[in-house]
Amino acid sequence: MKTIQDYLNSGAVDIAPLLSLVLKKSNVELITHGDYCLTPTEKQTLSEFIQQRTDGVPFSYISGTKGFYHLDFKVTADTLIPRPETELLIDISLDLFPKDVSCQLLDLGTGSGIIAITLADKKPHWQVMATDYSHAALEVAKSNATTNIEFAQGSWFEAVNSQCFDLIISNPPYIEENDSYLEDLTFEPISALTAGQDGLDEIRIIIDNAPNHLNKNGYLLLEHGYDQQLRIIKLLTKNFTNIQTFQDYNIKDRAILAQIKNA
Ligand code: GLN
């Protein structure tokens, strides 16, 4: 017989959230029901989850969800787990257009759909399109969508034909392919994480092609690595103006916004 309290005392990784997940109880309920004895089925499920977490599987892949901004998203091993710093892209986008102004938005490499879906939910009058190269990721994004979003499969702009937008956003892969930090991320899709030797391969493609897909005065907004900002500004200067840089909540350079130069 094992009680909630016995498990809480075990020191297993993420034991409280795992107990919450299996027993559908809040943190407070875990404490107030500390003498509850788990059923054999609950024990079995919990020990499988404990084993997965001990093996390094991220908690979000076990629970199958991750909160982002004001919504909860389904995530699978086909999608990156949403990072809190990506919420910065939402704040910047919401500030960019006055309240009732409409916007044609493109989210390139949407993954689980967090950027497109969060903005579509906040701005129901915007026209939102989201793409991903991964068919499996797009299926997850579609299942997360609460409002009308156009989804298209393809590599970056190959998915959008000749359409133009007021705002193109991307949180592309940007980690250097030999970065030792990747050792901590082995359960997430590598194609969503790395972009060549300097981490900028995909950002270069996006910056080179965005001018063909931006309306007059349109914006490009990118998430990037903490040490890539100056190199990205260089890539942008040919075709873009009004370049603004942003730091995340850990005071790391994390996003860049640029407006297309009008011909
Ligand atoms: N932000 C991710 C990380 O730091 C990197 C990849 C990405 O989000 N584009 O783990």
Side-chain angles (χ1 to χ4, degrees), residues 1-91 94 110-122 136-137 139-147 171 175 180-189 192-193 223 226 247-252 254-255:
M1 295 249 283
K2 261 190 154 185
T3 64
I4 289 178
Q5 196 55 52
D6 292 333
Y7 281 103
L8 286 174
N9 293 342
S10 72
V13 192
D14 280 343
I15 188 61
L18 289 174
L19 276 164
S20 293
L21 182 66
V22 173
L23 304 177
K24 299 182 181 58
K25 287 191 195 304
S26 68
N27 263 344
V28 173
E29 285 170 328
L30 292 182
I31 292 161
T32 52
H33 295 75
D35 54 0
Y36 171 80
C37 286
L38 278 73
T39 66
T41 321
E42 288 166 345
K43 277 203 290 198
Q44 174 67 26
T45 311
L46 184 63
S47 61
E48 282 165 20
F49 287 177
I50 291 171
Q51 188 58 53
Q52 287 178 41
R53 197 63 198 91
T54 309
D55 293 343
V57 178
F59 179 79
S60 295
Y61 286 155
I62 299 172
S63 67
T65 62
K66 177 74 184 174
F68 178 81
Y69 220 81
H70 63 306
L71 297 171
D72 266 324
F73 288 85
K74 175 182 164 187
V75 291
T76 73
D78 292 309
T79 63
L80 200 70
I81 298 168
R83 308 287 201 264
E85 55 268 29
T86 303
E87 294 185 351
L88 182 61
L89 302 183
I90 305 297
D91 288 333
L94 292 175
T110 194
S112 58
I114 52 168
I115 295 171
I117 294 167
T118 303
L119 286 171
D121 194 76
K122 286 268 171 198
E139 289 304 308
V140 175
K142 284 179 194 170
S143 75
N144 279 323
T146 49
T147 49
N171 172 20
I175 300 175
S180 58
Y181 166 59
L182 292 166
E183 288 160 24
D184 298 336
L185 307 176
T186 49
F187 289 88
E188 294 185 89
L193 293 168
E223 183 174 319
Y226 69 93
Q247 291 187 322
D248 64 21
Y249 314 111
N250 295 314
I251 326 290
K252 296 247 168 69
R254 186 61 65 195

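- A salt bridge links Glu188 to Arg83: one of the charged nitrogens lies within less than 4.0 Å of a carboxylate oxygen.
- Taking every heavy atom of both residues into account, Ala255 and Leu88 meet most closely at CB-CD2, 4.0 Å.
- Thr3 and Asp6 form a side-chain donor-acceptor contact under 3.5 Å, judged by distance and modelled atom types alone.
- Rounding to the nearest 0.5 Å gives a distance of 11.5 Å between CD of Glu139 and CG of Asn144.
- Two residues are said to be in side-chain contact when any heavy atoms from C-beta on lie closer than 4.5 Å; Leu18 and Phe59 meet this criterion.
- Taking CG of Asp78 as the start and OH of Tyr61 as the end, the distance is 8.0 Å to the nearest 0.5 Å.
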Exercise. Give the intermediate values and the outcome of side-chain contact (heavy atoms from CB on, under 4.5 Å) for residues Ile15 and Ile50.
Key: CA-CA 7 Å; Ile15 188 61; Ile50 291 171; 3.7 Å; yes
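- Here the shortest heavy-atom pairing between Ala116 and Thr110 reads CB-OG1, 4.1 Å.
- Taking CD of Gln247 as the start and CD of Glu85 as the end, the distance is 13.0 Å to the nearest 0.5 Å.
- Across all their heavy atoms, Glu42 and Val22 have their closest contact at O-CG1, 3.8 Å.
- Atoms CG and OG, from Leu19 and Ser10 in turn, are 8.0 Å apart once rounded to the nearest 0.5 Å.
- The side-chain heavy atoms of Asp91 and Tyr69, taken from C-beta on, include a pair separated by under 4.5 Å.
- Nearest heavy-atom pair, Ser112 versus Ile117, reported as atom, atom and distance to 0.1 Å: O-CD1, 4.0 Å.
- Contact annotation: the side chain of Ile90 approaches that of Leu119 to within less than 4.5 Å [non-hydrogen atoms, C-beta and beyond].
- Judged by distance alone, the side chains of Glu48 and Gln44 do bring a donor and an acceptor atom under 3.5 Å apart.
- Under the 4.5 Å side-chain criterion, counting only non-hydrogen atoms from C-beta, Leu80 is in contact with Leu193.
- Contact annotation: the side chain of Leu23 never approaches that of Leu46 to less than 4.5 Å [non-hydrogen atoms, C-beta and beyond].
- Between Lys2 atom NZ and Asn9 atom CG the span is 10.0 Å, to the nearest 0.5 Å.
- Residues Thr118 and His70 have side chains in contact (heavy-atom distance under 4.5 Å, counting atoms from C-beta outward).
- Remark: Lys25 qualifies as a cation-pi partner of Tyr36 under the 6.0 Å distance and 45° angle criteria applied to the six-membered ring.
- Counting non-hydrogen atoms of other residues, nucleotides and ligands closer than 6.0 Å to CZ of Phe187 gives a total above 12.
- Separating the CG atom in Leu21 from the OG1 atom in Thr45 is a distance of 9.5 Å, to the nearest 0.5 Å.
- Scanning all heavy atoms of the two residues, the minimum distance from Phe68 to Pro82 falls at CD1-CB, 4.0 Å.
- Nearest heavy-atom pair, Gly111 versus Thr79, reported as atom, atom and distance to 0.1 Å: C-CG2, 4.0 Å.
- Applying the 6.0 Å contact sphere to NZ of Lys252 captures no more than 12 heavy atoms from other residues, nucleotides or ligands.
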